Asks: 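Would you mind keeping the following structure in view while I ask a few things?
Everything numeric in this text was worked out from a predicted model, so none of it was measured. Numbers here are sequence positions counted from 1.
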Amino acid sequence: RSHFRPGFLSIRVSFCRQPCDMSPVRISVHPGEPSPAADIKSPSAAAAAAALLAALRAPLTLEFQAELSGGGVAALEAQIGWEDVACLPAKVMLKVLPALHSGDEPIEDEFHLAVPTSITPERLADLIKAGRGESSRLGSVDHSSEDAMRSEEASPSPDGCSEETPAEGYCSLSIPDMVPGLTLVDADERRRVFQPLCLQQWHEGVCGHHALFNISCLLREQVPTLLDEINFWKTTLRNISALARHGEQEKRWPRSRVTCGVADEAHLRALVSFDDFLHDRVCIVPSREVFEAQLQSEDSPVRVAVDAIRAGHRAAQGFVLGATSHWYAAVAFAAKDAEVGPRLLFCDSHNVPLAQLRTPEDVEQLVESRLLKSREHFNEALRRLPDWQHRPPCHLDKAFEDGVEEWWKGVLKSSLFWRHRPLGVRRHLKRQEISDVLAYTTSLADLLGLPPT
């Protein structure tokens, strides 16, 4: 292990595995390029983020030395330049360590989160600020698609999400007798189904945290917080820390299961149970099949909640809805008088317009539109891999259609589990996901007594 400090950066080197006794070996590390901000002793979050990302990509010289019996030294030296030797790993672990009181007691928890190495300095600075508990920059968040991270295709379950391009042309609308001041991505005013603009998701694994955060903001009528990036990450980092402790204490899951940002059904249920405000106001529905089964049972949590909303016995209810590869959020609001009935708010952390989905034909049209827009992101993800940097466009076109094969111990893996799946597999998964959304919005609207299409 080697440790030294150029400026305000520390560099540590350790072996993940030590198959033999490494005690005779000394390690020295020399950055190929000095940090431009090496004279700063206590950097801001923005300066620290920029320096950390620059150091991550800087070439290094590693030298391993062993003193020989009878004198002399044997050494191996390796020059590592990421652009020449290999690509950076897809993700790295961000750690935000707590400040200490005078008694060396931490002020906050230590926060861990796996982040993509393609993260921008601005996004990384936001995470550092959130981990330190700094105030938000409410009102200055950029929700443009250019600022969103280009994440790659994710797993076919609600614990991973693919990057989507947000829609354009948002409109501000105050919905009577409900939450005022919402900006809408989409709306079906006849059915009284509305889709508010949410914070744009850029981290591929945190859709479950986005869904729960959106529901919490709407139920608490904290509309400005709905678009507050630092507030979101403060909440999410605290929740991840709480889940990590809970999993270890109860022996339910390892820390690594949640520090990647993923929240599955068990994690979301735990987070709801931790929150005194949410625990009776949110239903977790992991799949369309579970949802439809609960609708058939009059004493199920979903059916009880929807019936209470329709009867006016409950003011509002949140639903975290799993749809194949993504978590969505919905909040049903009861009517305040006889003239205006209940309303349904549906939230997507990718801000893809979904409120006007009505038919299977609408689903097919949206699926093809999303796949077409995903081509650019697909190509960018491949171009980041060393083997694909200099390939001709025809190779990218073929990969977009056929996917990139992956093997395990000499056996071809199922294309469902390839990082870059064939177009046919992606089309099937996206169709399944959007069909789930249509089923959720249609069934909830019908049960709430909203006007038919």
Side-chain angles (χ1 to χ4, degrees), residues 90-91 114 116 145 148-167 185 195 198-215 236 257-258 260-268 284-292 319-330 346-354 357 360 362-378 381 400 403-404 406 413-441:
K91 294 181 180 179
S145 59
M149 289 275 77
R150 271 30 176 196
S151 66
E152 301 172 24
E153 296 286 333
S155 60
S157 63
D159 37 355
C161 317
S162 60
E163 177 67 21
E164 295 279 3
T165 302
V185 173
Q195 183 179 345
C198 306
L199 185 66
Q200 181 71 24
Q201 178 182 337
W202 58 264
H203 187 297
E204 69 173 3
V206 297
C207 58
H209 290 286
H210 272 279
L212 192 59
F213 179 79
N214 293 337
I215 289 173
T236 298
R257 188 73 57 81
V258 295
C260 61
V262 170
D264 62 21
E265 179 189 0
H267 305 143
L268 292 170
I284 308 296
V285 183
S287 68
R288 175 179 171 181
E289 291 73 23
V290 171
F291 179 75
E292 291 174 345
F319 303 89
V320 180
L321 306 169
T324 306
S325 58
H326 192 40
W327 288 106
Y328 292 88
F346 193 84
C347 302
D348 170 29
S349 56
H350 294 315
N351 289 312
V352 176
L354 299 166
L357 283 176
D362 293 338
V363 171
E364 288 301 316
Q365 184 177 359
L366 182 58
V367 167
E368 294 306 317
S369 172
R370 302 317 301 171
L371 290 174
L372 181 62
K373 291 183 178 181
S374 72
R375 180 183 286 269
E376 181 181 353
H377 293 168
F378 187 96
F400 184 78
V404 179
E406 294 185 21
K413 294 166 62 176
S414 167
S415 59
L416 183 65
F417 301 103
W418 297 355
R419 185 65 175 174
H420 305 281
R421 304 188 187 101
L423 179 60
V425 174
R426 287 181 281 124
R427 177 178 285 112
H428 172 76
L429 293 173
K430 183 58 67 176
R431 181 185 296 119
Q432 191 174 44
E433 177 188 333
I434 303 303
S435 296
D436 289 347
V437 171
L438 175 61
Y440 284 136
T441 55

Asks: For Glu433 and Tyr328, which I'm curious about, is there any donor-acceptor pair between the side chains at under 3.5 Å?
Replies: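 There is such a pair (donor and acceptor under 3.5 Å, judged by atom type) between the side chains of Glu433 and Tyr328.
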
Asks: Report yes if some heavy atom in the side chain of Arg288 is under 4.5 Å from a heavy atom in the side chain of Ser435; otherwise report no.
Replies: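 In contact.
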
Asks: For the backbone of Gly403 and the side chain of Arg421, can you confirm whether one donor and one acceptor N or O come within less than 3.5 Å of each other?
Replies: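 No, Arg421 side chain to Gly403 backbone: no donor-acceptor pair under 3.5 Å.
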
Asks: Would Lys430 and Glu364 count as a salt bridge (Lys or Arg N to Asp or Glu O under 4.0 Å) if you check the C-alpha gap in whole Å, the side-chain angles of each, and the deciding distance to 0.1 Å?
Replies: CA-CA 9 Å; Lys430 183 58 67 176; Glu364 288 301 316; over 6 Å; no

Asks: Could you grab the distance from atom CG of Leu423 to atom CZ of Arg375, nearest 0.5 Å is fine?
Replies: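 It comes to 8.0 Å.
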
Asks: Under 3.5 Å, is there a donor-acceptor pair between the side chain of Ser414 and the main chain of Phe417?
Replies: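 Side chain of Ser414 to backbone of Phe417, a donor-acceptor pair under 3.5 Å: no, none is there.
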
Asks: Nearest 0.5 angstrom please: Lys373 NZ to Glu368 CD, how far?
Replies: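 That separation rounds to 13.0 Å.
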
Asks: State, with a plain yes or no, whether a side-chain heavy atom of Val404 is found less than 4.5 Å away from one of Trp418.
Replies: no

Asks: Taking NZ, NE, NH1 and NH2 as the nitrogens, is one of them in Arg419 or Glu406 under 4.0 Å from a carboxylate oxygen of the other?
Replies: no

Asks: Within a strict 4.5 Å, meaning less than it, do heavy atoms of the Leu268 and Trp327 side chains meet?
Replies: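 Sidechains of Trp327 and Leu268: in contact.
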
Asks: Rounded at 0.5 Å granularity, tell me how far OG in Ser349 sits from CD in Gln201.
Replies: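 Answer rounded to 0.5 Å: 3.5 Å.
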
Asks: Within this structure, what is the CZ-CD1 distance for the pair Phe319 and Ile215, rounded to the nearest 0.5 Å?
Replies: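 Rounded to the nearest 0.5 Å, the CZ-CD1 separation comes to 9.0 Å.
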
Asks: Please check if atom CD in Gln365 has more than 12 non-hydrogen atoms from other residues, nucleotides or ligands closer than 6.0 Å.
Replies: no

Asks: The criterion is side-chain hydrogen bond (donor to acceptor under 3.5 Å, both in side chains); which residues satisfy it with Arg257, sequence neighbours excluded?
Replies: none

Asks: If the condition is side-chain hydrogen bond (donor to acceptor under 3.5 Å, both in side chains), which residues does His209 pass it with, not counting sequence neighbours?
Replies: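 Checked His209 against side-chain hydrogen bond (donor to acceptor under 3.5 Å, both in side chains); zero matches.
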
Asks: Taking the six-membered ring of Phe400 as reference, does the NZ or CZ atom of Arg426 fall below 6.0 Å from its centre and within a 45° cone about the axis?
Replies: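 Pair Arg426/Phe400 counts as cation-pi.
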
Asks: Can you name the closest pair of heavy atoms from Ala114 and Cys260 and give their distance?
Replies: CB-CA, 3.8 Å

Asks: Donor-acceptor check, side chain of Tyr440 to backbone of Phe291, threshold 3.5 angstrom: yes or no?
Replies: no

Asks: Determine whether Leu357 and Val437 satisfy the following criterion, side chain to side chain contact (heavy atoms under 4.5 Å, CB included), listing intermediate values before the conclusion.
Replies: CA-CA 8 Å; Leu357 283 176; Val437 171; 4.0 Å; yes

Asks: To the nearest 0.5 Å, how far apart are NE2 in His267 and CD1 in Ile284?
Replies: 12.5 Å

Asks: Identify the heavy atoms of Asn214 and Cys198 that sit nearest to each other, and give their distance.
Replies: ND2-SG, 3.5 Å

Asks: Could you tell me whether the side chain of His210 reaches within less than 4.5 Å of the side chain of His350, counting heavy atoms only?
Replies: no

Asks: With respect to Val185, which candidate in Asp348, Leu354, Val352, Asn351 satisfies the side chain to side chain contact (heavy atoms under 4.5 Å, CB included) definition?
Replies: Asn351

Asks: Hey, does Leu438 have a side-chain heavy atom less than 4.5 Å from the side chain of Asp362?
Replies: no

Asks: First locate atom CD of Glu204, then atom SG of Cys207, and finally report the distance between them rounded to the nearest 0.5 Å.
Replies: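 One gets 10.0 Å once the value is rounded to the nearest 0.5 Å.
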
